[in-house]
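Counting starts at 1 for both ligands and their atoms, following the listed order. On a predicted model such as this, the values are computed, not experimentally measured, just so you know.
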Amino acid sequence: MSSNQTCLVTGASRGIGRGIAEELGRHNETIIVNYRSSEAAAYDTARAIKDGGGTAIPLQADVSNRKEVEAMCDRIHELVGPVDVLVNNAGVTVDRTFSTMTREEWEHVIDVNLGGVFNCTSAFFDDIRESDDGRVINISSVVGQQGNYGQANYAATKSGLFGFTRTIALELAQTESTANCVAPGFVKTDMLEDVPEEVKQKILQRIPLERFAEVEDIAGIVRFVASEDSGYMTGQILAVNGGMEW
Ligand code: NAP
């Protein structure tokens, strides 16, 4: 990774986002730790990065709210200048079998998981286009590749990121900036905690590596995608799922 990059990781207060923020922070970047409501956890993430010698700034914004994202963008520009690496990580689930899913449950997941990606990519698009090593990294899911029982809304958003990423990759290509997707399998975070134990056991049986991912398994791949070593890779989906078929 080239030095002095500024990286924004959305949803970095907990889980995969926190792991990514800490990993990028270990590589001398300035990390913006975005969060929606977990202020204490976001400050804790920032403190962990600073304790490791990095620079970190926690900033609140609900990614589904365009005004809040634009205010965050202005604040980042005031504090540290343009963003080089945008990691669109913030995401939510509201699981229901399709026959019981309400329009509101559908829209909420779309608003955060796709609307949030639109808002953030739009706000920082010029920064990334003009950066020497601009990166858009979208955190999708194996569920976007395979579908998953009870997750029609979530799967739609995570598949949607594939088409979005490939298109943004084409539109950035002339500038040498890149856009890629990282599609994790099932990762040990609060999101997985919500899954019933018997469902987790069934999922485990489908993972050739016979374990759920640690946050670090995903963060290391994102660090590579964020680095200048990945400069000739764009529009790709990196499946990090313990060998699950898709
Ligand atoms: P998590 O533990 O539930 O953490 C979610 C993070 O997103 C939190 O930091 C949360 O902030 C933030 N967030 C949620 N809604 C937001 C909003 N509207 N605006 C800003 N931030 C928001 O989730 P995770 O498991 O780490 O998942 C992170 C990403 O990886 C998601 O996109 C998810 O779809 C994807 N993923 C997860 C798995 C898995 O098995 N865990 C697998 C594949 C892909 P607050 O703390 O402030 O609420």
Visitor: Measuring from the heavy atoms of F212, does anything fall under 4.0 Å of ligand 1?
Guide: no

Visitor: Quick one: which ligand 1 atoms are inside 4.0 Å of a heavy atom on D190?
Guide: 2 (O)

Visitor: Could you check whether any side-chain heavy atom of N119 comes within less than 4.5 Å of a side-chain heavy atom of V63, counting everything from C-beta outward?
Guide: no

Visitor: Out of S141, G185, A12, whose heavy atom is nearest to atom 42 (C) of ligand 1?
Guide: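 Of the listed residues, G185 has the closest heavy atom.
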
Visitor: Which pair of heavy atoms, one from V222 and one from I20, lies closest together, and at what distance?
Guide: CG1-CG2, 3.6 Å

Visitor: Within ligand 1, which atoms have a heavy atom of S37 less than 4.0 Å away?
Guide: 45 (P), 47 (O), 48 (O)

Visitor: How close does the nearest protein non-hydrogen atom get to atom 23 (O) of ligand 1, and which residue and atom is it?
Guide: M191 CE, 3.8 Å

Visitor: Any Lys/Arg nitrogen of E70 or K67 sitting under 4.0 Å from an Asp/Glu carboxylate oxygen of the other?
Guide: no

Visitor: If you measure from OG1 on T30 to CD on Q5, what distance do you get to the nearest 0.5 Å?
Guide: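 Reported value, rounded in 0.5 Å steps: 9.5 Å.
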
Visitor: Using a 4.0 Å cut-off to any heavy atom of V92, which atoms of ligand 1 qualify?
Guide: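 That gives atoms 14 (C), 15 (N) of ligand 1.
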
Visitor: For N113, run the side chain to side chain donor-acceptor pair (under 3.5 Å) check against N153, N138, N88, T157 and tell me which one passes.
Guide: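 When N153, N138, N88, T157 are each tested with N113, the side chain to side chain donor-acceptor pair (under 3.5 Å) holds only for T157.
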
Visitor: Below a 4.0 angstrom heavy-atom separation, can you tell me which part of K158, side chain or backbone, both or neither, approaches ligand 1?
Guide: side chain

Visitor: Among all the protein's non-hydrogen atoms, which is closest to atom 1 (P) of ligand 1, and how far away is it?
Guide: R14 NH1, 3.8 Å

Visitor: Going by the order shown, which atoms of ligand 1 are within less than 4.0 Å of some heavy atom of F186?
Guide: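 Heavy-atom distances to F186 below 4.0 Å select 40 (O).
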
Visitor: Answer yes or no for R18: is there a heavy-atom contact with ligand 1 below 4.0 Å?
Guide: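 No, R18 has no heavy atom closer than 4.0 Å to ligand 1.
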
Visitor: Please state which part of D62 comes within less than 4.0 Å of ligand 1, counting heavy atoms only: side chain, backbone, both or neither.
Guide: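 It is both parts that get close, each with some atom under 4.0 Å.
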
Visitor: Quick one: look up the protein heavy atom nearest atom 9 (O) of ligand 1 and list residue, atom name and how far away it is.
Guide: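 Checked against all protein heavy atoms, atom 9 (O) of ligand 1 sits closest to S13 OG, 2.7 Å.
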
Visitor: Of the protein's non-hydrogen atoms, which lies at the shortest distance from atom 33 (C) of ligand 1, and what is that distance?
Guide: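 Here the closest protein heavy atom is Y154 OH, 3.4 Å.
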
Visitor: Does an N or O anywhere in V187 fall below 3.5 Å from an N or O of ligand 1?
Guide: yes

Visitor: Check the side chains of T100 and T97 for a donor-acceptor pair under 3.5 angstrom, ignoring hydrogens and angles.
Guide: yes

Visitor: At what distance, to the nearest 0.5 angstrom, does OG1 of T234 lie from CD1 of I168?
Guide: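 If we round to the nearest 0.5 Å, T234:OG1 and I168:CD1 are 10.0 Å apart.
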
Visitor: How far is atom 48 (O) of ligand 1 from its nearest protein heavy atom, and which residue and atom is that?
Guide: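 Protein heavy atom with the smallest distance to atom 48 (O) of ligand 1: R36 NH2, 2.8 Å.
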
Visitor: Show the atom names and distances, to 0.1 Å, of all donor-acceptor pairs under 3.5 Å that link a side chain in residues 198-206 to residues at least two apart or in another chain.
Guide:
unit_1: Q201; atom_1: NE2; unit_2: E197; atom_2: OE2; d: 2.9
unit_1: R206; atom_1: NH2; unit_2: Q146; atom_2: OE1; d: 2.5

Visitor: As an exercise, identify every atom of ligand 1 less than 4.0 angstrom from a heavy atom of A61.
Guide: 19 (N), 20 (C)

Visitor: So for A42, does at least one of its heavy atoms come nearer than 4.0 angstrom to any atom of ligand 1?
Guide: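 The answer is no: ligand 1 sits nowhere under 4.0 Å from a heavy atom of A42.
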
Visitor: Under 3.5 Å, side chain of E23 to main-chain N/O of G220, donor-acceptor pair present?
Guide: no

Visitor: Less than 4.0 Å between a side-chain N and a carboxylate O, is that true for D217 and R211?
Guide: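 Salt bridge: yes.
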
Visitor: Quick one: do S64 and D111 satisfy side chain to side chain donor-acceptor pair (under 3.5 Å)? Show the steps, please.
Guide: CA-CA 6 Å; S64 67; D111 280 352; 6.0 Å; no

Visitor: Are L172 and L86 connected, step by step, through hydrophobic side chains (Ile, Leu, Val, Met, Phe, Trp, Tyr) whose heavy atoms are closer than 4.5 Å?
Guide: yes

Visitor: Side chain of T102, backbone of E105: donor and acceptor closer than 3.5 Å?
Guide: yes

Visitor: Which residue and non-hydrogen atom of the protein lie closest to atom 28 (C) of ligand 1, and at what distance in Å?
Guide: N89 OD1, 3.3 Å

Visitor: Is the closest N or O pair between V142 and ligand 1 shorter than 3.5 Å?
Guide: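 No; the residue has no nitrogen or oxygen that sits under 3.5 Å from a nitrogen or oxygen of the ligand.
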
Visitor: Using a 4.0 Å cutoff against the non-hydrogen atoms of G15, which atoms of ligand 1 qualify?
Guide: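 In order of number, 2 (O), 26 (O).
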
Visitor: Closest approach of T178 and R135, non-hydrogen atoms and distance?
Guide: OG1-CD, 3.2 Å

Visitor: In this structure, does ligand 1 have an atom that sits under 4.0 Å from one of the heavy atoms of A41?
Guide: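 False for this residue.
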
Visitor: Does N89 reach the main-chain N or O of G11 with its side chain, forming a donor-acceptor pair under 3.5 Å?
Guide: yes

Visitor: Is any N or O atom of I16, backbone or side chain, closer than 3.5 Å to an N or O atom of ligand 1?
Guide: yes

Visitor: Less than 3.5 Å between some nitrogen or oxygen of Y35 and one of ligand 1, yes or no?
Guide: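 N/O-N/O distance below 3.5 Å does not exist for this pair.
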
Visitor: As a check for students: among S38, S140, G115, identify the option with a heavy atom nearest to atom 45 (P) of ligand 1.
Guide: S38

Visitor: With D190, which residues qualify under side-chain hydrogen bond (donor to acceptor under 3.5 Å, both in side chains), at least two apart?
Guide: R14

Visitor: Can you tell me the protein heavy atom closest to atom 13 (N) of ligand 1 and the distance?
Guide: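 For atom 13 (N) of ligand 1, the nearest protein heavy atom is A90 CB, 3.9 Å.
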
Visitor: Please confirm whether N34 comes under 4.0 Å of ligand 1, counting heavy atoms of the residue only.
Guide: yes

Visitor: What residue and atom, counting heavy atoms only, is the protein's closest point to atom 12 (C) of ligand 1, and at what distance?
Guide: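 Answer, as residue, atom name and distance: G11 CA, 3.4 Å.
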
Visitor: Any non-hydrogen atom of A183 lying under 4.0 Å from ligand 1?
Guide: no

